[in-house]
A.B. asks: 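Take a look at the following structure, please.
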Protein chains: 2
Amino acid sequence: MARKAQHSKEELRAMALAAAREIVAAEGAAGLSTRKVAARMGYAAGTLYLVFRNLDDLVLQLNAATLEALDAHLAEALARLPAGAGPRQRLLTLAHAYYLFAQEHFHLWSLVFEHHLPEGETMPESLAARVRALLGRVEAELAHLGAGAALAARVLWSGVHGIAVLALTDNLAATGPVDAPALVDSLVNRYLDGFAAARRNQS
Amino acid sequence: MARKAQHSKEELRAMALAAAREIVAAEGAAGLSTRKVAARMGYAAGTLYLVFRNLDDLVLQLNAATLEALDAHLAEALARLPAGAGPRQRLLTLAHAYYLFAQEHFHLWSLVFEHHLPEGETMPESLAARVRALLGRVEAELAHLGAGAALAARVLWSGVHGIAVLALTDNLAATGPVDAPALVDSLVNRYLDGFAAARRNQS
DNA sequence: CAGATTGTTGAACGGTGTTCATAAATGGCC
DNA sequence: GGCCATTTATGAACACCGTTCAACAATCTG
């Protein structure tokens with residue numbers, strides 16, 4: 001029932017990831033299924049198991065691709081900035097670009113953080129490297145803080161992420177309309193102010 | 001096949017929620033199923049639909065109960081504080097108590113934020129009220145900031161939530177060991193410092 | 001042209017949420 | 001006490017899910 005090498009394994013992988021991306025973007029994680037992905041590629045569901053260990057594996061690879069797209073999105077935002085922009089403006093730009101990406105690609109972005117690895121398993125290096133790259137962007141803009149940069153980068157990254165989570169999943173909407181960009185501004189500006197003040201007091 | 005009123009509807013509801021809570025706590029959201037909940041109560045799966053509209057409805061009610069438990073946890077933490085504790089210490093206590101709850105009841109806490117409502121539907125009032133109560137706790141401690149309290153409460157709440165999400169789902173672990181309580185301390189202290197500084201400059 | 005190899009299938013298994021005709025046990029009525 | 005209506009719960013049925021795998025068609029090799 002099968003002619004030979006209709007598509008190479010690498011092509012199959014790319015087709016499957018593209019199909020899965022479209023499905024998740026349109027219907028959310030709940031709408032994703034092996035049968036739907038396969039149908040969209042014109043293959044049977046079993047074929048996916050030639051290329052992925054299982055659906056979890058496919059999701060993990062899709063998530064790596066999503067983080068790669070996020071990284072590119074952040075790079076573009078920084079590139080649009082005038083050359084003379086200071087660290088604070090660059091950090092604000094990163095933070096807002098993150099929120100924008102989360103909003104525009106809500107379902108794909110959610111999938112990254114809602115996919116729990118099976119108990120005890122560890123994140124594949126492909127994903128871990130992507131996370132490091134993203135956090136590295138923030139750390140780079142905080143270099144002027146010296147030893148505190150690593151801590152500050154994680155706080156700001158987590159903080160902006162938290163704002164995006166609660167704003168986009170309507171978990172704050174219950175308390176009235178939410179101006180997420182204003183929250184992001186407040187977080188980054190006040191935190192940096194506070195960091196500067198703490199450094200002054202210390203020396 | 002059924003004798004009459006073995007349990008009242010209210011009893012059935014409570015039994016189902018208790019069973020679901022145990023399952024989620026032990027196996028995570030993925031382990032939850034109508035058949036497992038029903039089996040644990042000694043009933044058939046169909047019986048659940050006498051009490052809940054569907055599984056989504058059950059999850060929503062479980063989430064409301066989880067937020068109620070979180071609220072109680074925060075109240076206890078504040079109650080253990082000496083009467084003379086200032087707002088900053090009370091906020092730090094709240095933030096650390098939040099993280100501790102998320103860590104101890106990881107699966108139940110995850111379920112609250114990973115459960116997306118079907119497109120267009122709105123959060124049931126039972127849940128919304130719980131969210132408002134929690135955010136109200138934070139706002140109360142920020143009253144001394146005046147008009148900025150609402151904004152600051154949302155920023156701090158989201159920020160602490162974000163730290164918990166990324167730390168507990170290992171999305172930061174890729175970048176080395178994470179001391180989540182230190183991140184929480186840094187966020188709350190620097191943000192409050194920055195807020196105070198901004199108010200000084202303004203007046 | 002035969003045979004080995006490869007790529008793909010589709011049926012099968014055990015699971016899922018949900019619906020609903022049906023059966024059993026009770027309460028009220030004569 | 002006997003009968004019926006009502007209440008309560010069932011479990012079979014449906015359509016879907018992830019995953020495995022024997023089997024088959026198309027190609028390559030000799």
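Residue numbers start from 1 in every chain, and the chains themselves are labelled A, B, ... in the order their sequence lines are given, proteins ahead of strands. Basis for what follows: all heavy atoms, side chains included, without hydrogens, waters or symmetry-related copies.
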A.B. asks: Using atom NE2 of B:H7 as one end and atom P of C:dT26 as the other, report the distance to the nearest whole Å.
C.D. replies: 14 Å

A.B. asks: Name every residue in residues 37-63 of chain B that has at least one heavy atom under 4.0 Å from any atom of DNA chain C, in order of residue number, or write none if there are no such residues.
C.D. replies: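 Listed by number, they are B:Y49, B:N54, B:L55.
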
A.B. asks: Of all residues at least two apart in sequence or in a different chain, which pass the side-chain contact (heavy atoms from CB on, under 4.5 Å) check with A:A20?
C.D. replies: A:L32, A:V37, A:L58, A:L62

A.B. asks: In whole angstroms, how far is the P atom of C:dT18 from the NZ atom of B:K36?
C.D. replies: 16 Å

A.B. asks: Output one line per pair: protein atom, nucleotide atom from nucleotides 14-16 of chain D, and distance, for all N/O pairs under 3.5 Å.
C.D. replies:
none

A.B. asks: Suppose we screen for salt bridge (Lys or Arg N to Asp or Glu O under 4.0 Å). Which residues come up paired with B:R40, at least two apart in sequence or across chains?
C.D. replies: B:E22

A.B. asks: Quick test of your reading: applying ring-ring contact (aromatic ring centres under 6.0 Å, His included), list the pairs with at least one residue in residues 152-176 of chain B, sequence neighbours left out, ordered by first then second residue.
C.D. replies: B:Y98-B:W157, B:W109-B:H161, B:F113-B:H161

A.B. asks: Does any pair with a residue in residues 48-69 of chain A pass ring-ring contact (aromatic ring centres under 6.0 Å, His included), and if so which ones, sequence neighbours excluded?
C.D. replies: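 Residue pairs with at least one partner in residues 48-69 of chain A: there are none.
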
A.B. asks: Specify the separation, in whole Å, of atom CD of B:E10 and atom P of D:dT8.
C.D. replies: 14 Å

A.B. asks: Do any side-chain atoms of residues 122-134 of chain A form donor-acceptor pairs under 3.5 angstrom with protein atoms, and if so which ones, sequence neighbours left out?
C.D. replies:
residue : atom : partner : partner atom : Å
A:E125  : OE2  : A:R132  : NH2          : 2.6
A:R132  : NH1  : B:A174  : O            : 3.2

A.B. asks: Which pairs would a plain distance check flag for residues 163-173 of chain A, meaning a side-chain donor or acceptor within less than 3.5 Å of a matching protein atom at least two apart in sequence or in another chain?
C.D. replies:
residue : atom : partner : partner atom : Å
A:T169  : OG1  : A:V165  : O            : 2.7
A:T169  : OG1  : A:N171  : ND2          : 3.0

A.B. asks: Could you work out, with salt bridge (Lys or Arg N to Asp or Glu O under 4.0 Å) as the rule, every residue matching A:E141, not counting sequence neighbours?
C.D. replies: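 Salt bridge (Lys or Arg N to Asp or Glu O under 4.0 Å) list for A:E141, sorted by chain: A:R90.
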
A.B. asks: Would you call A:D193 and B:R190 a salt bridge, using N to O less than 4.0 angstrom?
C.D. replies: no

